[in-house]
Amino acid sequence: MLKVGGQWVSPVEVENALVAHPSVLECGVVGHEDRDGLVKPMAFVVLKTDAVTTADLGAALQQFVRERLAEYKRPRWVEFLPELPRTATGKIQRFRLRELANTSNPASV
């Protein structure tokens, strides 16, 4: 669970909203601190083979989630990956996504 703006946010809830988009194959959501030190959702997205990675698609995914969930649950950053890091049993390795979030230092949208 992430605490965003004093409210609890389930990463799975945000992931389910993102996966409903026709271009998204799978995704993982983790917390990432913005420049003010506040935790906000960050999404790592794997696109379907026919989808093209663009900055506009990232903004479209944010808008897609905004239409389905409360504003504070919207991912502030969307990063595209060829595949998500997984364990041998197929679970998403969220600690690796958090490491990626800390090393990529994305600009807030």
Side-chain angles (χ1 to χ4, degrees):
M1 294 292 283
L2 309 172
K3 193 149 194 182
V4 178
Q7 300 288 324
W8 289 107
V9 176
S10 169
V12 175
E13 181 181 14
V14 180
E15 291 167 1
N16 288 338
L18 281 166
V19 170
H21 191 276
S23 297
V24 176
L25 178 63
E26 61 182 355
C27 65
V29 174
V30 295
H32 181 64
E33 289 186 2
D34 64 7
R35 63 179 160 250
D36 297 326
L38 302 172
V39 175
K40 307 290 183 186
M42 179 175 187
F44 290 92
V45 176
V46 177
L47 297 175
K48 293 181 179 175
T49 55
D50 59 342
V52 180
T53 303
T54 64
D56 291 338
L57 180 57
L61 291 174
Q62 289 177 325
Q63 183 61 33
F64 188 78
V65 173
R66 181 184 284 141
E67 292 169 358
R68 285 154 180 74
L69 302 175
E71 169 63 23
Y72 67 92
K73 296 179 181 182
R74 170 185 64 90
R76 300 313 189 274
W77 307 275
V78 178
E79 295 281 325
F80 298 101
L81 298 176
E83 63 182 16
L84 295 177
R86 295 192 178 273
T87 65
T89 58
K91 289 185 175 182
I92 296 174
Q93 293 179 325
R94 292 184 191 276
F95 74 95
R96 292 223 176 147
L97 293 180
R98 283 189 289 276
E99 289 172 358
L100 282 172
N102 290 330
T103 59
S104 68
N105 199 13
S108 182
V109 175

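Values below: every heavy atom of this structure, side chains too, minus hydrogens, waters and symmetry copies. Everything numeric in this text was worked out from a predicted model, so none of it was measured.
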- Message: Once side chain to side chain contact (heavy atoms under 4.5 Å, CB included) is applied, do any residues pair with Glu15, and if so which ones, sequence neighbours excluded?
- Response: Pro11, Val12, Cys27, Val29, Arg94
- Query: Looking only at heavy atoms, which two atoms of Leu97 and Pro85 are closest? And how far apart?
  - Reply: CD2-CD, 3.7 Å
- Note on the structure: What one should report as the nearest heavy-atom pair of Val65 and Leu18 is CG2-CD2, 3.5 Å
To the closest 0.5 Å, what do you measure between [atom1] ([X]) and [atom2] ([Y])?
X: Arg86; Y: Arg96; atom1: CZ; atom2: CZ; answer: 13.0 Å
X: Gln7; Y: Leu2; atom1: CD; atom2: CG; answer: 12.5 Å
X: Glu26; Y: Glu83; atom1: CD; atom2: CD; answer: 8.5 Å

- Message: Could you see if Leu100 belongs to whatever hydrophobic cluster contains Val46? Use Ile, Leu, Val, Met, Phe, Trp, Tyr and a side-chain cutoff under 4.5 Å.
- Response: yes
- Query: Does one hydrophobic cluster hold both Trp77 and Leu61, with members joined at side-chain heavy-atom distances below 4.5 Å?
  - Reply: no
- Arg66 backbone acceptor or donor facing Arg68 side chain under 3.5 Å: no
- Message: Looking at Asp36 and Leu38, would you say the former's side chain and the latter's main chain have a donor-acceptor pair under 3.5 Å?
- Response: no
- Sequence-distant partners of Thr87, side chain to side chain donor-acceptor pair (under 3.5 Å), two or more places apart: Thr89
- Item | Qualifying salt bridge (charged side-chain N to carboxylate O under 4.0 Å, His left out) pairs with a residue from residues 48-59, counting only residues at least two apart or across chains | none
